[in-house]
Amino acid sequence: MSDQLPPLDENLRALLDAAVPPSPSADFEARVLARLDASLALPPGPGGGHGGGPSGAGGAPAAGAAATGGLVTLGKTTLALAGLVLAA
């Protein structure tokens, strides 16, 4: 038995080649990102900034706080991209 599919009809192939998935509007992207920001927002840290956490000597944030902020940003980016892909 052959694992290859038969070739598509020329008309169907032309129709599929011409199909372009719709891209989300800038307004839709802004609403998605605003909702993500609101749902993933961290409470302000002791210094008044988001994800501030404890400070070490010299006022520099602790390594754990910096890593947490990076993970939140990565999570927001991943969710935003997933939302846009699902919307398209």
Side-chain angles (χ1 to χ4, degrees):
M1 183 166 32
S2 175
D3 290 338
Q4 292 184 344
L5 295 174
L8 288 176
D9 177 61
E10 287 181 34
N11 292 332
L12 180 58
R13 184 156 205 46
L15 182 64
L16 289 173
D17 288 341
V20 177
S23 59
S25 68
D27 181 50
F28 175 77
E29 289 181 20
R31 287 191 324 247
V32 168
L33 292 176
R35 285 186 180 180
L36 284 171
D37 253 0
S39 66
L40 297 176
L42 291 175
H50 288 285
S55 293
T68 302
L71 288 175
V72 169
T73 302
L74 177 63
K76 285 182 182 181
T77 304
T78 303
L79 288 174
L81 289 174
L84 293 175
V85 167
L86 290 175

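These numbers were taken from a predicted model, which means no experiment stands behind them. Positions are given from 1, in the same order as the sequence printed here.
- Residue pairs meeting the salt bridge (charged side-chain N to carboxylate O under 4.0 Å, His left out) criterion with at least one partner in residues 22-36, sequence neighbours excluded, are D27-R31.
- L12 pairs by the side chain to side chain contact (heavy atoms under 4.5 Å, CB included) definition with L8, D9, L16, not counting sequence neighbours.
- Scanning both residues, F28 and P24, for their nearest heavy atoms gives CD2-CB, 3.4 Å.
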